[in-house]
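Note: hydrogens, waters and symmetry copies are ignored here, and every other heavy atom, side chains too, is used.
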Amino acid sequence: MAEEMSDKELITITIDRYTDLQQIKKANGGHENEMLDYFIKVTTAKLSSLGVNAEDITLQ
């Protein structure tokens, strides 16, 4: 039987994914990558639905 994740675990995993994507984007050196931008957008929406403000954890 599969165990369900707690909300805290789901938030942590989603934040980790978001920060990974942000690091990839920064390492990309300004090159346009539509798929990467899409993944960031979707992950931002997921964080928002979980009550996390992605702006607080976005790389500058």
Side-chain angles (χ1 to χ4, degrees):
M1 180 188 308
E3 294 182 32
E4 289 190 33
M5 257 189 255
S6 70
D7 286 346
K8 191 170 188 171
E9 289 171 314
L10 182 57
I11 289 169
T12 300
I13 289 169
T14 307
I15 288 172
D16 288 346
R17 177 177 172 88
Y18 182 76
T19 57
D20 289 346
L21 291 169
Q22 287 291 304
Q23 291 174 27
I24 293 167
K25 184 174 179 88
K26 185 166 187 149
N28 223 11
H31 297 286
E32 187 173 331
N33 185 326
E34 290 181 19
M35 187 58 70
L36 178 59
D37 291 340
Y38 174 75
F39 285 140
I40 290 171
K41 190 176 202 176
V42 168
T43 306
T44 302
K46 288 179 182 180
L47 286 170
S48 178
S49 74
L50 293 167
V52 177
N53 183 355
E55 290 180 14
D56 294 340
I57 56 174
T58 300
L59 284 174
Q60 300 302 326

**OP:** Enter the distance from L10:CG to I15:CD1 here, rounded to the nearest 0.5 Å.
**Re:** 10.0 Å
Original post:
Can you tell if the side chain of D7 reaches within under 4.5 Å of the side chain of L50, non-hydrogen atoms only?
Top reply: no
Original post:
Given side chains that start at C-beta, do those of N33 and D37 come closer than 4.5 Å, heavy atoms only?
Top reply: no
Original post:
Under 3.5 Å, side chain of S48 to main-chain N/O of T44, donor-acceptor pair present?
Top reply: no
Original post:
For the residue pair M5 and E9, what are the closest heavy atoms and their distance?
Top reply: CA-OE1, 3.4 Å
Original post:
Can you name the closest pair of heavy atoms from K46 and S49 and give their distance?
Top reply: O-OG, 2.7 Å
**OP:** Starting at CG of D20, measure out to CZ of R17 and round the result to the nearest 0.5 Å.
**Re:** 8.5 Å
Original post:
How long is the gap from CG on L36 to NE2 on H31, to the nearest 0.5 Å?
Top reply: 12.5 Å
Subject >> T14 side chain near V52 side chain, heavy-atom distance below 4.5 Å >> reply: no
Subject >> Euclidean distance, T43 OG1 relative to K41 NZ, rounded to 0.5 Å >> reply: 12.5 Å
Subject >> Among V42, I57, I13, the one residue meeting side chain to side chain contact (heavy atoms under 4.5 Å, CB included) with Y18 >> reply: I57
